[in-house]
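What you are looking at is a predicted structure, and each value in this text was computed from that prediction instead of being measured. Counting from 1, the numbers follow the sequence of the chain as shown.
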Amino acid sequence: MIAELGLAALWLAAALAALQLVSGALGLTERGAVLGGATRPVAMVQGMLALLAFACLIYVFAVTDLSVKLVALNSHAMKPLIFKIAAAWGNHEGSMLLWVTVMGLGGGFVALVERRLPERTILATLAGQAFVSLGFYAFLLIASNPFERLSPAPAQGNGLNPLLQDLGLAFHPPTLYLGYVGLSIAFSFAIGALVTREVGPAFAKAMRPWVLGAWIFLTVGITAGSYWAYYELGWGGWWFWDPVENASLMPWLAATALLHSVSVLASRNALRAWTIMLGVVAFSMSMIGTFLVRSGILTSVHAFAVDPQRGTFILALLAIYIGGALVLFGLRAATVTEGERFALVSREGALVFNNVMLSAILGIVLFGTLYPLFAEAMGAKVSVGPPYFNPMSALFAVPMLVVLAVGPLLRWRRDSFGRISLGLVIPAMLVLAAGIGLLVIGGVALLPFLGLALAVGLGWASLLPLKGRNLRRTPLPVWGMVVAHFGIAVSLFGMSSESAFSIEKLVAVRAGEITQVGPWGVKLDTVEPIAGPNWTAMEARLLVRYGVDGKVTRMVPQSRSFWAPPQQTSESALLTRWNGQLYAVLGGEAPRLDGQQAGDQTSRGGPGARWQLRLWWKPFAPLIWIGGLMIALGGLLALVGRVATDVRRIIAKDKIAWRRERQGR
């Protein structure tokens, strides 16, 4: 009955989305003004029904109801509860239901709280949100029903991909979807403003919290996904330019540009057309990422294996939404002026420059991601990886980072470099000193060299906006900017250091043997079998010591064997210190020197057994993810500050209105 309840709630939510679209559209006309009044409550009820449907899906996964096809394909009774629940969105249908749930709740929240824009603009925004939601409801109900029954029910389920049975992956997809859906609401705001020709500061102030929230969740999602791939896949890297990794990076790049553009529009009434276009582009990148992950054209541990027919459905949605938005923009572009003008040397000028750089990097990533797909369609096999992405992105990232250090120090409208040149002396000297130090060390490639030098200068420059301020009275958005920019410097330093100074060793060792990797001595103590709730493993116990006199610490990498579904995984062991991270992966048993084969019953784990170990010493690598979290924290501080300011203004207006009403009496 729970599955049927969820399906009924999903159908009702889809019907209300259609009603929301109709009432919102008719509310824009004089005759339909009365019907338009129903749009807000309909949007709120629609969001609650979508939430009910998703709660039903979580319940059938939590109790392992194998009569539901989705549960039978993606869960197993022996899994820990947290992974049973995570399996609800760790598959194609469940993740799409999560998508429409967050989209419905987002639209409902806009309907509940947004009062700053003219009612016609809100109605157009909610109608646009309903139009987007309808396509995904149709996709779920027609092509991807998450509540489909199986008869007879199987005795046991297939289980979730073992690589996804990890706490990082339990929370990584929801954060990304919150980011994607936040961009869909920003897209709907852009459409609503175009329809009603209300593109101005009020529109930007209403749109900004959604863009900022989406950007925060995307930042957290990408950071968590990168760290998961780093420690779970056992390859020792943090970014591979995988097409599905790029599918999350592209919306983040567009959202970063949109965030700065919408701030300029909200504060200085400039960049109107640019903001609208970026709102469309950001959601377009989300849709392209959705298509790549779900079309079946990619093979990736991150991707959902779905048939091309469903991929065609998503492609059609992408063409309708994005094509329609671009047509509307073309029709209304003449009515969207750029607003107030500004000098090239100004804070607005710096923001525009960096937006152009971000857009160029986005184009590079988009081309590198899609080109192999087009080449394969033409019968050619092409691989595009770090040798393309790293140098091409750096061409635009390096000048962007330089301007990022300077831009926050410039004044709005018009300024001169002479006024701020003295404050930039120390950052410039730090960059120069870091460069000289790296030349003395030697052996550092060009891109890590630039990254390390710029990170040092940017880290100092990011703190300069606080100079001369009373720190207790400094607005939260300013703190947010400083923390986020400092986080970029921290993350850049970690990336460059990991690339420049990492040491790797692949060895086959017996118990008692010691291997040196960087400053660490690693001794294999024992390798023993252990058992988990739905897996067995061979676990190595490593005794590691930093330097000669360091304290001995134990590490326990594992080679796991899951039985539902059958799969072998490597569980890496990480030891983090202030100056880096030791990374260990246990491989299989190496061939015996006496001629016996590794894994023979007479030799496995016995005296003289040799085990493969892969070891890395990665100086300052944790800074990559610490910096990512700092960037997200900066966004959160800015969001809290903006929302608090808006709330205070609303309360003040209500008090003034109450006093006037009382005086009128």
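Contact of the Arg40 side chain with the Ile122 side chain is registered, since non-hydrogen atoms from C-beta on lie closer than 4.5 Å. Residues Leu358 and Phe396 fail the side-chain proximity criterion, which asks for heavy atoms closer than 4.5 Å.
No side-chain N or O of Tyr231 forms a donor-acceptor pair with one of Gln581 less than 3.5 Å apart. Remark: the Thr121 side chain and the Thr196 side chain contain an N/O donor-acceptor pair separated by less than 3.5 Å.
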When you look at Ser261 and Thr275, which way does the side-chain hydrogen bond (donor to acceptor under 3.5 Å, both in side chains) test go after all the steps?
-> CA-CA 6 Å; Ser261 180; Thr275 301; 2.7 Å; yes

*side-chain contact (heavy atoms from CB on, under 4.5 Å) between Phe291 and Leu317, worked out*: CA-CA 10 Å; Phe291 170 72; Leu317 291 179; over 6 Å; no

ask   = Going through the checks in order, is the side-chain contact (heavy atoms from CB on, under 4.5 Å) test met by Trp99 and Thr290?
value = CA-CA 11 Å; Trp99 178 295; Thr290 303; 3.4 Å; yes

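A tilted orientation is assigned to the rings of Tyr180 and Tyr177, their planes being inclined by 30° to 60°. Between Tyr321 and Phe283, the ring planes lie tilted relative to each other; the angle falls in the 30° to 60° range.
The only option from Trp238, Tyr230, Trp235 that meets the ring-ring contact (aromatic ring centres under 6.0 Å, His included) definition with Tyr583 turns out to be Tyr230.
Taking the centre of each ring, Tyr227 and Trp625 come in below the 6.0 Å mark.
Counting non-hydrogen atoms of other residues, nucleotides and ligands closer than 6.0 Å to OH of Tyr59 gives a total of 12 or fewer. Environment of CZ in Phe353: crowded, with over 12 heavy atoms of neighbouring residues, nucleotides or ligands closer than 6.0 Å.
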